[in-house]
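Scroll down for the structure; my scribbles are underneath it.
Below, read A as the first sequence line, B as the second, and so on, with proteins coming before strands; counting in each chain starts at 1.
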Protein chains: 2
Amino acid sequence: MMSNDPGELDEVIHAIAKVNRLLRQAGEGLASSAGQTHSRRMVLQTLGDGMSVAETARRLGMQRQGVQRIADDLVRDGLARYEENPLHKRAKLLKATPSGLRRLREIERAHAEWVGRVAASTGGADWGATRRDLELLAEALRDAG
Amino acid sequence: MMSNDPGELDEVIHAIAKVNRLLRQAGEGLASSAGQTHSRRMVLQTLGDGMSVAETARRLGMQRQGVQRIADDLVRDGLARYEENPLHKRAKLLKATPSGLRRLREIERAHAEWVGRVAASTGGADWGATRRDLELLAEALRDAG
DNA sequence: GATCATTTGACATCATGTTGTCATTCTTCT
DNA sequence: AGAAGAATGACAACATGATGTCAAATGATC
């Protein structure tokens with residue numbers, strides 16, 4: 001098996017933190033033009049046709065309660081609502097309202113345009129390979145934790 | 001110039017968010033064994049021989065005030081202290097105390113051992129290439145922002 | 001030197017996300 | 001059925017980090 005230099009990995013770890021920060025800032029900027037925030041968009045986007053809060057959290061890789069708070073905010077602002085779940089009395093289905101969907105579409109359009117621009121300006125990168133390595137790292141971290 | 005699929009980049013973005021979360025959790029775990037937290041360790045480690053809060057923030061890529069709060073916590077707990085700065089009356093130098101250095105060494109030992117383990121279990125990854133791609137992305141994001 | 005812009009730390013406020021606890025609801029096993 | 005365990009949302013406390021405002025200190029320009 002090929003042996004890796006721990007120093008290289010350490011640099012990758014720092015780079016990930018840095019890029020993550022930049023990505024979040026960019027995400028906030030994109031969402032704010034539609035009066036939303038990065039996390040609210042992520043939750044809204046993940047909901048799809050209706051999904052429990054716990055399931056949404058799992059898909060996002062977040063804690064349940066973090067999503068719960070965002071979800072309550074979305075409902076308070078009329079972008080989503082809880083609907084009865086025939087399969088589970090307690091786990092209501094969170095679903096985007098028409099208004100929430102409109103906002104989501106706005107942000108998604110801006111996001112797609114933005115990703116396209118970034119992708120075009122990073123022609124030298126091999127995103128397929130990078131993605132594979134990141135997934136590999138995620139798996140190793142889950143195993144180590 | 002090679003053209004990149006925006007969809008691939010989008011997947012990379014999601015992977016970065018996921019890995020970043022896992023890394024932070026791992027970092028908290030490592031630091032907590034020495035009674036510290038991830039961010040406090042980062043600040044303590046960046047200080048070196050003494051550095052203003054603002055300079056520390058720049059190196060970490062964080063906001064000045066975020067580091068300020070961490071720094072005050074470190075001082076309150078006796079792990080760092082402010083010293084007079086001959087070059088700047090207002091910008092005092094933040095410096096680790098002997099006790100802070102001891103804690104830092106503990107965490108660094110555990111961290112190095114941990115990175116080594118993760119590096120060993122991800123032999124199939126090319127961290128050099130991944131790092132280059134991440135730096136490329138960081139640059140593109142800074143330009144776009 | 002005088003003036004204006006920048007840098008810096010202090011202070012406050014806020015959004016995000018984690019952690020822990022609890023009661024309710026569902027699922028599984030016997 | 002009944003009991004034990006897991007999943008779920010409500011509620012609260014907390015750490016993290018961003019943002020904005022202010023006054024003091026520094027640096028740049030004229």
Side-chain angles (χ1 to χ4, degrees), chain A residues 17-18 20-29 31-32 35-44 46 50-77 80-94 145, chain B residues 17-18 20-29 31-32 35-44 46-47 50-77 80-95 145:
Chain A
K18 189 166 59 178
N20 184 255
R21 202 179 306 267
L22 290 165
L23 283 174
R24 167 159 279 280
Q25 284 170 2
E28 295 292 351
S32 75
Q36 292 305 303
T37 68
H38 187 55
S39 352
R40 291 166 72 149
R41 174 211 148 209
M42 299 296 278
V43 170
L44 213 44
T46 306
M51 191 177 291
S52 76
V53 165
E55 176 64 22
T56 307
R58 274 191 295 269
R59 302 224 183 164
L60 284 172
M62 282 178 56
Q63 289 301 111
R64 200 161 39 96
Q65 300 303 356
V67 175
Q68 183 75 57
R69 199 174 45 68
I70 305 283
D72 290 344
D73 288 349
L74 286 173
V75 169
R76 174 174 46 74
D77 293 356
R81 67 164 166 268
Y82 290 113
E83 300 195 345
E84 293 306 315
N85 185 351
L87 300 177
H88 199 305
K89 242 178 230 168
R90 190 173 181 86
K92 285 169 287 185
L93 289 179
L94 184 63
Chain B
K18 189 167 57 178
N20 184 255
R21 189 168 275 119
L22 289 166
L23 283 174
R24 166 158 279 281
Q25 283 170 2
E28 295 292 351
S32 74
Q36 292 305 303
T37 67
H38 187 55
S39 350
R40 292 167 71 150
R41 174 210 147 207
M42 299 296 277
V43 170
L44 212 45
T46 306
L47 287 184
M51 191 178 290
S52 75
V53 165
E55 176 64 21
T56 307
R58 275 190 296 270
R59 302 224 185 163
L60 284 172
M62 282 178 57
Q63 288 301 111
R64 197 163 38 97
Q65 300 302 358
V67 175
Q68 183 76 57
R69 197 175 46 70
I70 306 282
D72 290 343
D73 288 349
L74 286 172
V75 169
R76 174 174 45 75
D77 292 356
R81 66 164 165 269
Y82 290 112
E83 299 195 345
E84 292 306 316
N85 184 352
L87 299 176
H88 199 306
K89 243 178 234 170
R90 191 174 179 86
K92 288 168 288 185
L93 289 179
L94 185 62
K95 201 169 168 177

With sequence neighbours left out, what residues match A/Thr56 under side-chain contact (heavy atoms from CB on, under 4.5 Å)? A/Val43, A/Thr46, A/Leu47, A/Met51, A/Leu60, A/Val67
Please round to the nearest 0.5 Å and tell me the distance separating atom [atom1] of [X] and atom [atom2] of [Y].
| X | Y | atom1 | atom2 | result |
| --- | --- | --- | --- | --- |
| A/Thr37 | A/Met42 | OG1 | CE | 10.5 Å |
| B/Gln68 | B/Met62 | CD | CE | 11.0 Å |
| A/Ser39 | A/Leu44 | OG | CG | 11.5 Å |
| B/Gln25 | B/Leu23 | CD | CG | 9.5 Å |
| B/Leu94 | B/Arg81 | CG | CZ | 10.5 Å |
| A/His88 | A/Ser52 | NE2 | OG | 8.0 Å |

Between [X] ([atom1]) and [N] ([atom2]), how many Å, whole number?
| X | N | atom1 | atom2 | result |
| --- | --- | --- | --- | --- |
| A/Glu55 | D/dG9 | CD | P | 10 Å |
| B/Arg41 | D/dT16 | CZ | C1' | 16 Å |
| A/Leu94 | D/dA10 | CG | C1' | 15 Å |
| B/Asn85 | D/dA24 | CG | C1' | 15 Å |
| A/Glu28 | D/dG17 | CD | P | 15 Å |
| A/Leu23 | D/dA18 | CG | P | 14 Å |
| B/Lys92 | D/dA24 | NZ | P | 15 Å |
| B/Gln25 | D/dT16 | CD | P | 14 Å |

Closest to the A/Arg90 side chain: D/dT8, D/dA10, D/dA25?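 Looking only at heavy atoms from C-beta outward on A/Arg90, the closest nucleotide is D/dT8.
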Quick check on D/dA7: is either OP1 or OP2 less than 4.0 Å from any side-chain nitrogen or oxygen of A/Ser52? no
Can you tell me if the side-chain N/O atoms of B/Thr37 get under 4.0 Å from OP1 or OP2 in D/dA15?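 Indeed not, no polar side-chain atom of B/Thr37 lies that close.
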Could you pick out which residue, A/His88 or B/Tyr82, lies toward the 5' side of DNA chain C when each is mapped onto its nearest nucleotide? B/Tyr82
Does this structure show an ion pair linking A/Arg76 with A/Asp72, if we count only N-O contacts that are shorter than 4.0 Å?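 No, A/Arg76 and A/Asp72 are not salt-bridged.
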Scan A/Arg24 against the nucleic acid and name what it touches under 4.0 Å (heavy atoms): base, sugar-phosphate only, or nothing. sugar-phosphate
Remember a base hit wins even if backbone is also touched, and classify B/Arg40 as base, sugar-phosphate or nothing at under 4.0 Å, heavy atoms. nothing
For chain A and DNA chain C, what are the first and last nucleotides along the strand, 5' to 3', with at least one atom under 4.0 angstrom from a heavy atom of the protein chain? C/dT16 to C/dC26
Let me test you: for the helix from C/dG1-D/dC30 to C/dT30-D/dA1, what is the angle between the axes at its two ends (five pairs each), rounded to 10 degrees?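 That helix gives 40° between its end axes.
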By side chain to side chain donor-acceptor pair (under 3.5 Å), which residues pair with B/Arg58, not counting sequence neighbours?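 Testing B/Arg58 for side chain to side chain donor-acceptor pair (under 3.5 Å), a comparison that skips the adjacent residues, returns B/Glu55.
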My understanding is that only residues two or more places apart in sequence, or in another chain, count here; which of them pass side chain to side chain donor-acceptor pair (under 3.5 Å) with B/Gln36? B/Arg40
Between the main-chain N or O of A/Leu93 and the side-chain N or O of A/Asn85, is there a donor-acceptor pair closer than 3.5 Å?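 It does not hold such a pair.
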Does B/Glu28 reach the main-chain N or O of B/His38 with its side chain, forming a donor-acceptor pair under 3.5 Å?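 Side chain of B/Glu28 to backbone of B/His38, a donor-acceptor pair under 3.5 Å: yes, one is there.
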Contact list please: residues 58-73 of chain B against DNA chain C, heavy atoms, distance less than 4.0 Å, in numerical order. B/Arg58, B/Arg64, B/Gln65, B/Gln68
